[in-house]
Every structure is written in structure tokens, then in C-alpha cells.
Amino acid sequence: MYHNYSSGDEYFRYILDTYSDALIRLCYSYVKNMTDAEDLAEDTFCELVRSSPDFDSAEHEKAWLFRVAANKCKNHVMSARIRLSAPLDEQIIENTPDTRGNMQSDGTEYIRDKVLSLPEKYRTVLHLYYFEEMSLENIASVLRIPKATVGTRLARGRNLLKKQLGDEFDV
Amino acid sequence: MSEKFNMDDYRRSMANITASDRFKERALAAMKETERRKKHPAVKIHRYVLTAAATAACVLLTVTLVNRNDRNIATTTAGDTSAVYEAAYENVDEFKEEETENALLTIETEEEVLEEEEAEEEEERAEEEIAESPEETVVTEVTVAGAEMVQTTTAAPEKTAAHKKTEKPAADREDKKPVLRDEAKAEQVTAAPAGEASPVTVSAAEEKKAAVPDSKTFAVSVPEETSVTPLFVYVDEPSSLVEEFSNDNAAANGGEAEADEEMAAGGEDALIMEESPEMTVTAESMVVISEEEKYSVIELAGLIDGGKVSVTESGGSGDSSILDRAASGSVISAILSAEGTAEKTSSAPAEYKYVVDIESDTGVYRFYIGTDRVTCRTADENGIIYISYANSATAAVCNDVLYNFR
């Protein structure tokens with residue numbers, strides 16, 4: 001389903017229902033923090049309202065939102081506030097209620113943490129390819145990099161993951 | 001962890017990350033607020049103002065850049081427009097570097113003040129040496145972009161043999177009489193009779209006085225050379241100009257022997273030189289740019305914004321004809337390096353009466369003014385001279401240069 005941009009609750013709700021989860025996941029793959037991921041996703045939606053772009057298709061709409069979100073995440077990661085911040089003590093984090101809602105704490109978290117520990121350029125491509133099931137062309141469009149580069153990063157990301165997990169990982 | 005993991009596990013893990021209802025409500029409120037602000041008149045006006053300001057800044061920047069390019073091109077203006085543009089664009093990086101250096105030059109620091117004081121002391125010493133030295137010396141003070149440079153050169157003796165090639169019948173010469181007015185006030189500068197080594201000595205102090213247009217006059221000995229030489233335009237990069245100049249200078253030195261021999265044989269040129277009249281240059285002396293346009297020296301300066309006349313040097317003919325020089329590519333009378341020292345002098349145009357430097361904010365324009373022609377040479381702030389012209393071509397190019405600064 002594809003709606004052209006229009007101001008009003010109906011369109012806003014359609015955007016939020018359609019893309020909230022995907023954008024939060026994408027932002028989470030960058031910032032590895034649910035609170036920041038939600039803030040960045042919200043900023044992306046506000047940017048959509050400010051820019052009110054014309055989309056040709058649903059793919060165009062999705063690619064635009066993903067690209068804006070990716071740029072905001074990169075800016076956020078590079079911002080001075082983040083660079084100067086220090087991580088909380090692990091004990092405090094363990095005692096804090098999980099802000100990730102109903103996230104399971106089974107073995108799947110193990111591989112997620114491994115993927116998210118990869119360098120940013122590899123984990124983003126892996127996320128978009130394996131989770132969002134985007135084609136190499138679409139990923140190249142969102143990240144504004146050549147298609148060949150996307151393929152290279154995908155292969156290197158998989159190899160890094162294989163090195164980290166060893167026999168535990170099955171491609 | 002004995003079980004095997006694959007990317008499906010990652011997919012399942014990430015699927016657990018979902019947007020909460022609280023997030024959606026908050027995001028919806030934020031979007032509505034953004035929409036409200038976007039429609040607010042003040043925000044609209046603010047956006048229009050920002051857009052207008054950005055557009056104006058872009059236009060201003062473009063105009064500035066275009067003007068600067070035009071100005072750079074104007075300093076290298078020649079008859080062949082395409083060659084000039086090509087040369088200008090090839091040297092655009094050099095222009096930028098030169099401008100940067102010039103900008104640095106204009107910043108007066110304590111070091112510069114000290115350097116200026118040292119330069120003045122050296123200038124005084126040079127004057128003393130000149131007064132004592134029996135050699136023929138021309139001391140030329142050129143003010144370039146606020147920095148004083150002292151240029152000392154040994155005047156080349158006037159030669160006559162080379163004039164054969166460009167000489168015309170006496171009737172033609174009479175038709176093209178000098179348009180410069182003679183003045184009886186000749187003083188300050190000693191000029192030897194034509195045909196001899198001319199000991200022209202102009203002290204720095206005298207030149208400063210000469211900067212006041214109507215206060216001083218200069219008497220120079222000039223052959224009554226009225227030949228019409230074809231157009232020649234030489235445009236090249238400064239470095240190759242230096243090479244060409246060096247080569248030509250070497251060739252000219254070799255040619256001196258031949259010229260001397262011909263003089264000894266009593267050729268026609270020797271006769272011409274003997275008959276050369278003494279000319280006097282004043283601020284009111286007329287300079288013929290073209291048949292339609294004639295300017296006095298002071299008017300010429302007025303055509304250039306902020307132009308100050310400085311008759312810095314007077315001299316006679318060179319050692320070869322313009323034709324020879326055009327063929328060999330010697331077009332430079334002086335190359336002043338960026339550091340302000342004179343690297344090479346002499347080898348002025350074959351025929352000229354005096355040199356008028358017109359200094360403006362955009363550089364120094366040097367006009368070699370002869371009996372029937374004006375050779376116009378533009379020099380940038382670093383004193384690099386790019387072009388030389390003669391006769392009808394001179395007129396067109398000088399016009400071009402002048403019009404660009406009207």
C-alpha cells in the first residue's frame with residue numbers, strides 16, 4: 001500500500017504503522033541503544049513532514065526514509081555528545097528494566113550481539129540484506145554506495161562473523 | 001554453545017525489536033507539531049528570507065568570481081582571445097597562489113617595516129654607488145602592490161644595424177612625425193647622442209619627483225624609427241617567457257658584434273641615428289593609441305582607476321628590430337620576481353621614447369611610448385609581463401586594456 005504525502009493524522013498513522021519497526025531496527029543496528037534508536041526514528045518522521053517529498057512508489061518511500069534514518073544515525077554516532085560519553089557501569093545496566101520490550105533472552109541474542117559488534121559498514125549491510133531482505137541495488141541506493149561495494153561488504157561481514165563464531169556459525 | 005547459529009537467528013532476534021505504542025503516540029505528536037510549525041507564517045517568512053539570502057550570496061559569489069576571472073584575463077588581453085583565455089585558465093592556480101602571496105604582502109607587519117627600512121638603506125647605498133660608478137646605470141624604482149622594489153640595470157648601447165629591416169623611406173618617416181610634444185625644459189636626465197652608448201642615469205630621487213606628472217621632463221635620444229612592423233603577440237607562461245628571454249638575450253649579445261661591424265662600415269642606420277632628434281617628454285605629451293584616440297600621458301593615467309603616472313625610465317632603441325624580436329620571442333623588458341628583486345632588465349623594445357608606468361590598484365601598466373606607437377605591457381602585482389605589442393596591434397590591445405578599466 002502506498003500513500004502520497006499529505007498532511008493529516010491518517011497519513012501520519014500510516015507512516016508510523018508501516019515504518020516504525022523497520023526504522024527503529026535500522027537505527028538500533030547503528031546506535032545499539034533503544035532509546036537513541038527511537039529518538040532517531042522520530043527525527044526521521046519529523047524530517048518527512050518538514051520535507052514533504054513526492055514519492056514515485058512504495059519502494060521510493062521506503063528508500064527515502066531509510067536513507068534519512070541512516071544519515072541521522074551516522075551524524076548521531078559522530079556527534080561530540082556521543083564521542084564524549086562514557087558507558088554506564090554494567091551492573092547498573094543489568095539492574096535496569098529492559099527497555100527493549102519483549103525481547104527474548106535466548107541464544108538468538110548471542111548472534112545479534114555478534115552481528116552488532118561488527119564494524120558499522122558491515123553490520124548495516126548485513127541488517128538490510130538479511131532482515132529487511134532488500135536487494136543489493138536498494139541497499140546501494142539507501143547507503144549511496146556502489147552495488148559492488150555492497151556485495152563486498154556483505155561477503156566481508158559474513159567472513160568476519162564466521163571468524164568470530166567459528167564452527168558455531170552456519171552460513 | 002554447541003548449537004549452530006545462522007542469520008535466521010539474527011532475523012528472529014531483531015524481529016523482537018518493535019515500536020511501542022508509547023513511541024507511536026510520541027512520534028505522532030511530534031509530526032503534528034512539525035506540521036503546525038511548518039505552516040506558521042513566521043516560519044514561512046523565515047524560510048523565504050533564508051532562501052533569498054542564500055540566493056543573493058550565491059549570486060554575489062558568482063559575480064565576484066566572474067569579475068576576478070575577467071580581471072585576470074584583462075591583464076593578459078591580447079588580439080587572440082582564445083589564446084588568452086586558454087592561457088588564463090591554464091594559469092588559474094598560479095593566479096590564486098599569486099593573489100594569496102600578494103594578500104600576504106599587503107599585511108604590514110613589524111618585519112616588513114624593518115625590511116622596508118633596510119631596503120631604504122640599500123637604496124641610499126645604491127645611489128652612492130651609482131654616483132661613484134662610471135658605468136651606465138639605470139635605477140628604476142617600481143612600486144608594486146605596496147612593496148617597493150629597486151631594479152638596477154645596465155643600459156644597453158643603442159645599435160643601428162638591425163634597423164635596416166624595418167626602415168622606410170624618409171618621406172614615410174616625415175609623414176609619421178612624433179606626436180609627442182617637445183618641451184624645452186629638458187633636464188635631469190642626461191642622454192648621449194644617438195649611435196653612441198647612451199649613459200642614461202635616472203636617480204631614484206629624480207624618479208620620485210618625476211612621479212608628479214607636470215613637474216619634471218625627460219630628454220631622451222631616440223632614433224626616428226617609423227617603420228611599420230607587423231602584429232606580433234606573445235602569450236605564454238611566465239616560466240617559458242623567462243627561458244625565451246634568456247635565449248633571446250644570448251642571441252642579442254651575439255648580434256651586437258654584427259651591428260658594430262655594420263656601424264663601422266657606415267651603414268644607413270648609423271646615419272639615422274646621427275639624425276635622431278632629442279625628444280622631451282612631459283605629462284602633457286600626447287600618446288597615440290589609435291587614429292581616433294589620442295591621450296596625454298596624464299589622461300592615460302586617468303583612464304585607469306587610481307592610476308598614478310610615473311615616468312620611470314627613458315631610453316633609446318634596443319639592439320635589434322622588432323621583427324627580429326618578434327621572431328625570437330623576446331618580449332620582456334624586465335622580469336621582476338615575486339620577491340621584489342630585479343632578475344633581468346634591458347632588452348627593451350627596439351624603439352621607444354620613454355616608459356610610463358601607470359600604477360593602479362590592479363597592477364602596474366607599463367607603456368613604452370615611441371614616435372609613432374605605443375607598446376603596452378601589462379604587469380601583474382608580481383611584475384610578470386605577459387604581452388608586448390607594436391603599432392596597429394598595439395592600438396587595439398591598449399584600447400582593450402584601457403577599456404577594461406574605465
Side-chain angles (χ1 to χ4, degrees), chain A residues 7-9 11-13 15-17 19-29 34 37-39 41-52 99-116 126-127 129-133 158 161 165-171, chain B residues 1-65 89 92-93 96 100:
Chain A
S7 58
D9 280 11
Y11 178 75
F12 292 163
R13 285 189 190 283
I15 286 288
L16 288 171
D17 290 342
Y19 297 109
S20 284
D21 292 348
L23 286 184
I24 288 174
R25 285 176 195 131
L26 177 66
C27 295
Y28 184 82
S29 74
M34 195 62 185
E38 285 184 348
D39 285 347
E42 187 182 313
D43 279 355
T44 305
F45 290 130
C46 290
E47 190 64 42
L48 174 72
V49 176
R50 269 192 292 271
S51 304
S52 54
T99 55
R100 285 169 290 185
N102 56 352
M103 186 176 287
Q104 296 173 359
S105 44
D106 57 12
T108 58
E109 268 189 66
Y110 178 69
I111 184 144
R112 189 200 65 214
D113 291 341
K114 287 293 178 188
V115 170
L116 295 184
L126 284 171
H127 174 80
Y129 186 79
Y130 283 107
F131 189 85
E132 297 296 338
E133 296 181 339
R158 273 196 299 246
L161 210 53
L165 296 171
D167 293 337
E168 297 172 357
F169 185 66
D170 181 22
V171 179
Chain B
M1 290 283 174
S2 57
E3 58 179 315
K4 295 241 178 187
F5 293 105
N6 56 33
M7 292 310 288
D8 286 338
D9 295 321
Y10 173 74
R11 213 172 285 134
R12 277 196 296 275
S13 171
M14 290 300 283
N16 292 327
I17 298 177
T18 55
S20 63
D21 290 340
R22 200 180 61 178
F23 165 76
K24 288 183 181 176
E25 286 173 13
R26 197 181 71 189
L28 182 64
M31 290 169 81
K32 284 180 180 175
E33 177 64 16
T34 307
E35 180 75 19
R36 190 187 67 79
R37 285 186 183 180
K38 197 174 80 171
K39 289 180 177 175
H40 196 278
V43 175
K44 280 185 177 177
I45 291 169
H46 183 62
R47 180 177 289 183
Y48 289 141
V49 168
L50 281 179
T51 307
T55 307
C58 286
V59 169
L60 192 64
L61 184 66
T62 307
V63 169
T64 306
L65 290 174
Y89 282 115
V92 67
D93 288 334
K96 285 177 182 173
T100 306

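Owing to the predicted nature of the structure, the values given are computational and were not obtained by experimental measurement. Naming convention: chains lettered A, B, ... in sequence-line order (proteins, then strands); numbering from 1 in each chain.
- Using a 4.5 Å cut-off between heavy atoms, A:Leu23 makes no contact with chain B at all.
- A:Asp17 touches chain B through backbone and side chain together, each having a heavy atom under 4.5 Å away.
- Remark: B:Ala30 engages A:Glu42, A:Cys46 in a side-chain contact (heavy atoms from CB on, under 4.5 Å) (not counting sequence neighbours).
- In this structure, the portions of B:Tyr10 lying under 4.5 Å from any heavy atom of chain A include both its backbone and its side chain.
- Taking the side chain to side chain donor-acceptor pair (under 3.5 Å) definition, one finds that A:Ser51 meets it with A:Glu47, sequence neighbours left out.
- Between B:Glu33 and B:Arg36, at least one side-chain nitrogen of the basic residue sits less than 4.0 Å from a carboxylate oxygen of the acidic one, meeting the salt-bridge criterion.
- A salt bridge between B:Asp21 and B:Lys24 is absent, with no side-chain N of the basic residue lying under 4.0 Å from a carboxylate O of the acidic one.
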